[in-house]
Amino acid sequence: MRILQLHCDSIEFTPVKKEIEYAEEIEPTAKKLEEVVVAFIAVEDGDNSTVAKKAMSEISESMKKVGCNRLLLYPYAHLSSKLASPSTAFSIFKEMESLSKELEVTRAPFGWTKSFKIHVKGHPLAETSKTITAGEKDEITSDAVKAESKIESFWYIMSTDGKMHKVNEFDFANHQNLEFLAKYEASKKRSVDAPPPHVKLMKKMAIADYEPASDSGNMRFFPNGRLIKSLIERYVSDKIMDYGGMEVETPIMYDSHHPSMESYFHRFPARQYNIDSEGKKLFLRFAACFGQFLMAKDFQLSYKNLPLKLYELTRYSFRKEQSGELVGLRRLRAFTMPDCHAMCKDMEQAKEEFRKRFDLSKEVIKGLGIDESDYEMAIRFTEEFYNENKSLIEETVKKNGRPVLVEMWKERFFYFVLKWEFNFVDNLGKASALSTDQIDVENGKRYNIEYIDENNKPQNPIILHNSPSGAVERVIYALLEKAAKDIREGRKPQFPLWLAPSQVRIIPVKPEYLQYCEQLAEKITGFEIRVDVDDRNESVGKSIRDAETDWIPYILVIGEKEVSAEKFSIRDRKSGNVKELTIDDLINEIKEQTKGKPLMKLNMDRDISKRPQIMV
RNA sequence: GCCUCGAUAGCUCAGCCUGGUAGAGCGAACGCCUCGUAAGCGUUAGGCCGCGGGAUCGAAUCCCGCUCGAGGCUCCA
């Protein structure tokens with residue numbers, strides 16, 4: 001049971017509306033009490049009569065100290081995240097009400113939304129909180145949970161000239177998505193009434209689906225989805241390796257009782273999957289940090305080796321997000337995360353690296369087909385870091401080219417002093433982070449990562465945590481949400497050409513041209529272009545339609561004319577035109593548009609009659 | 001955790017209010033058509049109406065419970 005106890009001059013509350021089935025039957029009239037102790041109470045799972053008695057005796061004892069005899073029991077759910085069932089809670093409230101003979105006890109109605117006006121006295125004992133359990137072991141609340149509730153954020157918008165504006169004074173006229181982001185982050189307004197449109201598309205395009213036999217948020221990827229994922233993974237990995245990242249692979253599960261993990265969890269409790277195995281308490285990683293830090297600890301490092309960049313594509317990272325937060329590909333419990341850490345010798349080097357990685361992230365996001373207008377940047381830092389590094393922050397915001405949402409903390413609570421993200425804003429105005437980088441001043445020590453400096457002294461590095469793309473699944477979500485927007489606004493949806501599961505479809509007018517189509521497909525395949533053939537004996541109209549609904553970028557219809565001529569009529573999805581090109585022109589055009597992007601083979605049979613129908 | 005909604009053919013859904021032989025489109029199989037840039041035609045197969053109970057002569061339909069799923073909310077306590 002959680003109790004927040006306030007000694008008040010007065011409280012006035014009004015039941016507004018019944019909120020749950022168990023709401024008690026009362027006349028919803030306002031009630032005012034003066035000179036009263038108000039106990040806001042959340043009854044938790046496992047609470048019983050003993051707890052009720054204990055709570056009442058503790059409350060009455062403390063009321064004696066402040067010399068007050070009037071008590072209001074006020075049901076208040078927000079104090080706990082593991083509430084008892086309403087029926088249990090209600091009966092415990094009634095029990096508590098009846099327990100005390102000396103006190104004048106009033107109870108606020110249970111199950112109602114209530115408005116209230118409260119005036120709390122200012123003396124030292126006026127405000128206290130208690131956690132009461134049936135006995136045995138009291139719940140261990142980590143420092144982090146306590147601290148997190150105290151953390152206070154100050155929100156601003158920084159314009160590209162480095163000026164900070166209060167959020168409510170900023171003119172969002174040309175920055176609607178930034179306004180969405182600011183509202184989403186700074187306020188608690190997150191309610192929408194429809195599922196995001198990418199969910200339907202991810203099924204319809206046979207990319208991914210829920211797997212009921214697994215846990216929620218663990219998706220299955222069909223051939224199309226697997227291909228798109230592979231391409232994105234390859235692209236991001238290549239970019240990070242160009243930047244200097246060394247790719248490694250580390251375990252997906254770790255011992256919760258390893259000292260570094262214990263220290264980490266104590267400070268940053270997370271929702272992780274736990275597995276008991278042979279007496280060990282293992283957990284599934286929610287980031288690549290663990291494996292990479294433990295690896296870096298075992299390296300012998302000199303300052304000459306820094307910055308040291310380790311990279312891993314985690315397939316998967318696991319986070320046991322609350323079931324209600326999981327939606328399509330936006331937020332998953334198992335996700336694929338490119339994660340690149342850089343161990344830097346000091347803040348100067350960290351800042352230099354930070355700049356490079358910002359540029360890398362911008363480039364990667366662009367390469368993935370996400371435009372500047374699709375995302376908004378947020379940057380977060382401690383006040384101290386801001387005062388000492390104004391120019392770095394202002395320069396970064398300037399590079400972004402558009403105003404940025406700022407969150408500033410008075411004190412450092414997290415392990416980082418600076419963090420930024422690009423937030424994709426979807427069709428419902430919901431924001432989710434893609435690229436991100438952080439400057440971490442704490443984990444070098446926690447994981448005993450050391451390098452030897454110029455003076456032969458061991459030092460802990462500053463660590464940057466960068467994902468240039470964000471979770472790969474989330475990138476697909478962003479692309480699908482963009483496609484949904486195109487559909488809504490009357491444009492043809494499409495994937496970037498390099499990600500299209502099939503880039504070219506060849507359709508014979510009659511079966512007698514099928515063999516020619518196959519030869520042509522063979523030739524195009526030789527240039528590492530994904531091409532397939534509609535070998536079904538369907539009408540041309542039907543085949544075109546099916547190719548269009550598959551978002552195929554180029555459609556070739558082959559008949560008598562083509563078999564004997566050089567030029568082909570090619571339906572180009574992007575321009576919407578049918579144009580006359582030779583096959584070499586087409587190949588050149590595709591190669592030009594997919595330059596610098598990874599190449600992969602078709603992930604389904606070339607003949608579409610051989611493919612299973614994926615009906616989901 | 002809590003709330004809401006949902007579960008009928010492989011898929012999307014109708015039927016439920018007002019109880020009386022299980023419906024459509026797509027997809028699949030088979031056949032006809034041999035076709036020039038977004039759906040050619042026909043035939044056939046395919047159902048424990050999520051599970052369990054109740055009331056009823058009779059339940060996909062009404063009542064109760066459960067399971068699973070989706071979405072939303074951490075608002076409610």
Side-chain angles (χ1 to χ4, degrees), chain A residues 1-4 15-24 39-45 47 73-90 92-93 107-114 188-196 199-200 203-204 206 209-217 322-328 330-331 428 430 492 505-514 534 536-552 554-563 568-573 576-579 609 611-616:
Chain A
M1 177 181 292
R2 304 270 176 153
I3 304 172
L4 174 65
V16 178
K17 104 175 207 275
K18 271 190 187 179
E19 204 57 47
I20 56 170
E21 199 187 335
Y22 273 99
E24 62 186 303
F40 291 101
I41 297 170
V43 181
E44 299 185 286
D45 212 14
D47 288 353
L73 298 172
Y74 198 109
Y76 202 71
H78 337 288
L79 294 172
S80 172
S81 57
K82 34 171 221 164
L83 295 166
S85 71
S87 55
T88 313
F90 190 23
I92 285 183
F93 270 108
R107 190 168 53 75
F110 184 86
W112 289 71
T113 314
K114 299 173 283 287
K188 293 294 174 189
K189 178 70 188 145
R190 300 189 179 195
S191 166
V192 291
D193 49 11
V199 177
K200 274 211 152 117
K203 298 181 183 200
K204 188 173 145 288
D209 191 19
Y210 304 108
E211 172 49 78
S214 180
D215 189 25
S216 315
Q322 296 194 83
S323 62
E325 304 208 54
L326 305 168
V327 208
R330 171 147 50 100
R331 178 165 288 190
L428 304 174
K430 288 228 177 190
K492 279 188 179 181
R505 172 153 306 162
I506 306 180
I507 299 170
V509 173
K510 286 192 271 188
E512 60 185 282
Y513 305 116
L514 190 55
D534 191 342
R536 302 170 305 169
N537 188 7
E538 293 287 355
S539 68
V540 174
K542 165 97 171 192
S543 292
I544 298 275
R545 181 184 155 82
D546 286 351
E548 291 281 357
T549 55
D550 280 349
W551 304 0
I552 309 276
Y554 295 99
I555 303 170
L556 275 66
V557 177
I558 303 297
E560 193 177 355
K561 209 169 68 188
E562 285 74 17
V563 173
F568 294 84
S569 301
I570 294 168
R571 251 176 104 111
D572 178 1
R573 187 175 187 81
N577 300 328
V578 177
K579 54 190 182 188
S609 73
R611 298 178 184 176
Q613 294 285 325
I614 298 173
M615 313 287 302
V616 288

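In what follows, chains are A, B, ... by sequence order, proteins preceding strands, each numbered from 1.
- On the C1' atoms, C66(B) is 39 Å away from A29(B), given to the nearest whole Å.
- In summary, R573(A) and E548(A) engage in a salt bridge, as defined by a charged side-chain N under 4.0 Å from a carboxylate O.
- Taking atom C1' in both G52(B) and C13(B), the straight-line distance is 27 Å, to the nearest Å.
- Taking atom P on both G72(B) and G65(B), the two are 27 Å apart, rounded to the nearest angstrom.
- A straight line from CD of E211(A) to P of A70(B) spans 11 Å, rounded to a whole angstrom.
- With RNA chain B read from its 5' end, the first of the two nearest nucleotides for I41(A) and E560(A) is the one closest to E560(A).
- Within the 4.0 Å cut-off from OP1 or OP2 of A38(B), at least one side-chain nitrogen or oxygen of R571(A) is found.
- Taking side-chain N and O atoms only, K542(A) has a distance below 4.0 Å to OP1 or OP2 of G27(B).
- Residue K492(A) is in base contact, counting any heavy-atom pair closer than 4.0 Å across all strands shown.
- No engagement by G576(A) is indicated, since no non-hydrogen atom pair under 4.0 Å with the nucleic acid exists.
- Considering only side-chain N and O atoms, S539(A) lies under 4.0 angstrom from the phosphate OP1 or OP2 of G40(B).
- The interatomic distance linking R331(A) (CZ) with G72(B) (P) rounds to 11 Å, in whole Å.
- Across every strand in view, U61(B) sits unpaired, with no contact that passes the Watson-Crick or G-U test at under 3.5 angstrom.
- Using a 4.5 Å heavy-atom cutoff, the side chains of I41(A) and Y76(A) are not in contact.
- The residue E562(A) sits close to a base: some heavy atom pair falls under 4.0 Å.
- Comparing G36(B), U37(B), A39(B) by their nearest atom to the side chain of V578(A) picks out U37(B).
- Across all strands, K203(A) comes closer than 4.0 Å to no nucleic acid atom at all (heavy-atom distances).
- A straight line from CG of D215(A) to P of C68(B) spans 12 Å, rounded to a whole angstrom.
- When both distances must be under 3.5 Å, the Watson-Crick or G-U wobble mate of A70(B) is U4(B).
- If you measure from atom CD1 of I614(A) to atom P of G27(B), you get 16 Å, rounded to the nearest angstrom.
- Across all strands shown, G46(B) forms no Watson-Crick or G-U wobble pair with both key distances under 3.5 Å.
- A gap of 26 Å separates the P atoms of C16(B) and G54(B), to the nearest Å.
- Taking the C1' atom of each, U8(B) and A22(B) are spaced 9 Å apart, rounded to whole Å.
- Looking at heavy-atom distances under 4.0 Å, V540(A) makes contact with sugar-phosphate atoms alone, never a base.
- When rounded to the nearest whole Å, the span between CZ of R2(A) and P of U74(B) equals 20 Å.
- Listed nucleotides A38(B), U37(B), G71(B) differ in distance to S569(A); the shortest reach to its side chain belongs to U37(B).
- Across all strands, N537(A) comes closer than 4.0 Å to base atoms (heavy-atom distances).
- The shortest distance between side-chain heavy atoms of K430(A) and V327(A) does not fall below 4.5 Å.
- From R536(A), atom CZ reaches atom CG of L514(A) across 12.5 Å, with rounding to the nearest 0.5 Å.
- Using a 4.0 Å cut-off between a side-chain N of Lys or Arg and a carboxylate O of Asp or Glu, D550(A) and R505(A) qualify as a salt bridge.
- Within 4.0 Å of E512(A), counting heavy atoms only, lies no atom of the nucleic acid at all.
- Nucleic acid contact for A89(A): base, since at least one base atom lies under 4.0 Å from a heavy atom of the residue.
- When all heavy atoms of L326(A) and S216(A) are compared, the pair lying nearest together is CD1-CB, 3.5 Å.
- One finds no side-chain N or O of Q613(A) lying less than 4.0 angstrom from the OP1 or OP2 phosphate oxygen of C11(B).
- For V509(A), counting side-chain heavy atoms from C-beta on, the closest listed nucleotide (C35(B), A38(B), U37(B)) is C35(B).
- Scanning all heavy atoms of the two residues, the minimum distance from P109(A) to P75(A) falls at O-CG, 4.0 Å.
- Taking the P atoms as reference points, G10(B) lies 23 Å from G71(B), given to the whole Å.
- Within 4.0 Å of G559(A), counting heavy atoms only, lies at least one base atom of the nucleic acid.
- When the P atom is used for both G15(B) and G23(B), the distance is 15 Å, rounded to whole Å.
- For the pair Y210(A) and G71(B), the criterion of a side-chain N or O lying under 4.0 Å from OP1 or OP2 is met.
- Comparing A39(B) with C2(B), their C1' atoms sit 46 Å apart, to the nearest whole Å.
- Side chain of Y210(A) to backbone of G328(A): a donor-acceptor contact under 3.5 angstrom is found.
- Nucleotide A39(B) holds its P atom 13 Å from the CZ atom of R536(A), rounded to whole Å.
- Remark on RNA chain B: of its neighbouring residues G541(A) and S214(A), the 5'-side contact belongs to G541(A), judged by nearest-heavy-atom nucleotide.
- Across all strands shown, U12(B) pairs with A24(B); the Watson-Crick or G-U wobble distances both stay below 3.5 Å.
- In this entry the distance linking CZ of R330(A) with C1' of G72(B) reads 11 Å, nearest Å.
- In this structure, I544(A) places its CD1 atom 6 Å from P of A38(B), rounding to the nearest Å.
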